[in-house]
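Input: a single structure, listed below in structure tokens.
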Amino acid sequence: MADDLDRLLDEVERRLCRLPGGRGAAGSHRHGDGEEEAAAAEQGRSAKLLMSAGSSEEDIDDIIDEICNDSSFTKTPLKLKSNSASLTPETNSAVVQSHRKRCCPVYLGGSSSPYGIGTNISKRTCDQLRCTACDFRVSLFNDYIWDQSCDYLFFRNNMPELSKLRAKMIKKKGARAYACQCSWRSIDELTDLRTDQQLRWVCGKHAE
């Protein structure tokens with residue numbers, strides 16, 4: 001390693017100390033000499049680093065840090081993007097959606113009617129109702145009915161805050177009070193939603 005350092009230092013000294021033969025030669029080779037001097041300076045710096053490495057093994061980490069911190073190195077963080085990772089959420093979402101079902105038909109009912117996916121065979125009441133008119137989820141309250149004084153502005157201003165809605169709720173065993181922001185119903189028995197043409201409620205799908 002000492003021989004290599006000597007040769008490198010000799011080369012640096014030769015290039016730095018070499019003088020051009022005349023003014024014409026200096027003019028014609030000025031550009032080339034500038035490049036050679038820059039290269040020689042870089043080699044001199046490398047030689048210095050190598051000498052430091054040879055003189056002390058413990059300074060290797062410092063030399064590496066100096067090289068890495070040099071302004072000539074472009075520090076551009078690499079951002080790797082996995083195509084498979086970007087597709088995962090959409091794929092999972094599609095799987096979840098494929099396992100959700102709608103009621104057909106949709107049933108409303110009193111508090112004694114069980115919740116679930118309503119079908120012609122299994123007549124269960126839907127608890128995933130959403131209104132297509134106001135885009136609110138339909139709230140339901142077991143063993144309550146709405147007072148006859150309820151109006152559109154009451155639900156418009158108070159949905160879905162239960163503390164405010166209670167002012168118009170009347171206790172009634174076996175009943176169920178339904179409401180969104182624009183419509184409301186008090187139901188005592190199993191009812192097919194299709195029989196009430198004024199309601200814009202639909203099943204928002206059930207998870208199996």
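Counting begins at 1 with the first residue of the sequence.
If you chain together hydrophobic residues whose side chains sit under 4.5 Å apart, L129 and I187 fall into the same group. Connection of W184 to L199 is not established within any shared hydrophobic cluster, with ILVMFWY side chains joined at heavy-atom distances below 4.5 Å, either directly or through further cluster members. F141 and V138 fall into different hydrophobic clusters, where Ile, Leu, Val, Met, Phe, Trp and Tyr are joined by side-chain heavy atoms under 4.5 Å apart, directly or via other members. F136 and F155 end up in the same hydrophobic cluster when Ile, Leu, Val, Met, Phe, Trp and Tyr side chains are linked at under 4.5 Å. Hydrophobic clustering, with ILVMFWY side chains joined whenever heavy atoms are under 4.5 angstrom apart, groups V106 together with Y115.
Between the T195 side chain and the D192 main chain, a donor and an acceptor come within less than 3.5 Å of each other. Without hydrogens or angle criteria, W146 side chain to Y178 main chain gives a donor-acceptor distance under 3.5 Å. With hydrogens and angles disregarded, a donor-acceptor distance shorter than 3.5 Å links the side chain of R176 to the backbone of G109. Without hydrogens or angle criteria, D151 side chain to F154 main chain gives a donor-acceptor distance under 3.5 Å. Using modelled atom types, one side-chain atom of R130 and one backbone atom of D135 make a donor-acceptor pair closer than 3.5 Å. A donor-acceptor pair under 3.5 Å is formed between the side chain of T125 and the backbone N or O of P114.
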- Could you check M159 against S139 for side chain to side chain contact (heavy atoms under 4.5 Å, CB included), going step by step and ending with a plain yes or no? CA-CA 9 Å; M159 278 294 291; S139 298; 3.5 Å; yes
- Quick one: do L140 and L108 satisfy side chain to side chain contact (heavy atoms under 4.5 Å, CB included)? Show the steps, please. CA-CA 10 Å; L140 44 94; L108 308 180; over 6 Å; no
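Residues satisfying the side chain to side chain donor-acceptor pair (under 3.5 Å) test with S112, not counting sequence neighbours, are none.
Residues W201 and D196 have side chains not in contact (no heavy-atom distance under 4.5 Å, counting atoms from C-beta outward). Side-chain contact between K164 and N157 is absent, with no heavy atoms from C-beta onward closer than 4.5 Å.
Between the CD1 atom in I145 and the NZ atom in K168 there is a gap of 13.5 Å [rounded to 0.5 Å]. If you take CD1 on I170 and CG on D143, they are separated by 14.0 Å, rounding to the nearest 0.5 Å. Atom SG of C182 sits about 11.0 Å away from atom CD of Q198, to the nearest 0.5 Å. Going from atom CZ of R185 over to atom SG of C180 covers 9.0 Å, rounded to the nearest 0.5 Å. A distance of 9.0 Å separates CG in N142 from NZ in K173, rounded to the nearest 0.5 Å. Note: R102 CZ to C126 SG = 9.5 Å, rounded to the nearest 0.5 Å.
Closest of all the heavy-atom pairs between L165 and M169 is O-CG, 3.3 Å. When all heavy atoms of C103 and H206 are compared, the closest pair comes out as SG-NE2, 3.2 Å.
Y144 carries K171 over the face of its six-membered ring, with the cationic atom under 6.0 Å from the centre and within 45° of the normal.
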